[in-house]
Amino acid sequence: MNALTIFLGVVGIPQIILIAVIVLLLFGGKKIPELMKGIGTGIKEFKKAANDDQPANSKKEEETKEKE
């Protein structure tokens, strides 16, 4: 067993519910949708940046596939 497994243990349904309750208490019901929207926007921008970082040859191949 590694140290991380010993520290975290197994994450199950009760632990997820406990985390959700703590997040609800910390941020409140009105802030959670705003928080999730911000996280979603961040993930979308990260994916866009990762796709923009592809080599030029790969982009040309994808463009030709889209045209067909």
Side-chain angles (χ1 to χ4, degrees):
M1 289 187 141
N2 62 25
L4 187 60
T5 304
I6 294 170
F7 178 71
L8 292 177
V10 178
V11 179
I13 299 295
Q15 289 83 7
I16 293 173
I17 292 171
L18 180 63
I19 291 169
V21 168
I22 291 171
V23 168
L24 184 63
L25 290 174
L26 287 175
F27 294 106
K30 294 182 180 179
K31 293 285 184 181
I32 292 177
E34 295 173 15
L35 180 67
M36 293 297 122
K37 183 178 179 183
I39 291 172
T41 303
I43 291 172
K44 188 186 301 182
E45 290 178 10
F46 178 79
K47 287 182 179 180
K48 182 180 176 186
N51 287 337
D52 289 345
D53 197 30
Q54 291 178 349
N57 292 338
S58 297
K59 287 184 181 180
K60 289 179 183 177
E61 289 175 6
E62 288 179 6
E63 290 175 358
T64 56
K65 288 180 183 178
E66 289 176 2
K67 289 180 183 178
E68 293 177 354

TODO: Apply side chain to side chain contact (heavy atoms under 4.5 Å, CB included) to Leu25 and list each qualifying residue two or more places apart in sequence or on a separate chain.
DONE: Val21
Open item on the list: If the condition is side chain to side chain contact (heavy atoms under 4.5 Å, CB included), which residues does Ile16 pass it with, not counting sequence neighbours?
Closed with: Val11
Task: Expected output: side-chain Gln15 to main-chain Gly12 donor-acceptor under 3.5 Å - done: yes
Task: Co-members of the apolar cluster containing Phe46 [side chain, <4.5 Å] - done: none
TODO: Could you pull out all residues at least two apart from Ile32 that satisfy side chain to side chain contact (heavy atoms under 4.5 Å, CB included)?
DONE: Val23, Leu24, Phe27, Met36
